[in-house]
Amino acid sequence: MKALFQAGDVSSSSCRACRKIVRTRYEVRTVHMPGTRLRVPNVLVDVCTECDTMVSIPRQSIPQLRETGAWK
Ligand SMILES: [Zn+2]
């Protein structure tokens with residue numbers, strides 16, 4: 001059984017804005033789908049704690065985005 005992430009969990013990941021490995025925090029946010037005007041509320045994402053940029057979307061959130069039809 002796979003452990004799921006929860007809001008408030010911390011991790012580390014590479015941030016494109018900071019251009020380095022940063023501490024990240026899982027937060028529930030509204031995600032703007034790139035290239036569309038769609039916004040998906042209440043999605044758990046991984047956020048850079050230094051610049052507040054979303055650095056990744058955990059696998060468990062992807063079905064939620066797929067439901068919008070905008071996620072390929
Ligand atoms: Zn950053």
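Just so you know, these numbers use all the heavy atoms, side chains as well, and skip hydrogens, waters and symmetry mates. All ligand and atom numbering here is 1-based and tracks the order in the structure.
Among residues at least two apart or in separate chains, side chain to side chain donor-acceptor pair (under 3.5 Å) pairs with a member in residues 10-23 are Lys20-Glu50. Counting only residues at least two apart or in different chains, ring-ring contact (aromatic ring centres under 6.0 Å, His included) contacts with residues 40-69 are absent. Legend: ring-ring contact (aromatic ring centres under 6.0 Å, His included) pairs involving residues 21-52, not counting sequence neighbours, sorted by first then second residue: Phe5-Tyr26.
Linking ILVMFWY side-chain heavy atoms closer than 4.5 Å, directly or via other members, places Leu38 and Val45 in a single hydrophobic cluster.
Scanning all heavy atoms of the two residues, the minimum distance from Leu44 to Ser61 falls at O-OG, 2.7 Å.
Around the Zn ion (ligand 1), the protein atoms of type N, O or S found under 2.8 Å away are Cys15 SG, Cys18 SG, Cys48 SG, Cys51 SG, listed by chain and number.
The pair Asp52-Arg29 meets the salt-bridge criterion, with a side-chain N (NZ, NE, NH1 or NH2) lying under 4.0 Å from an Asp/Glu carboxylate O.
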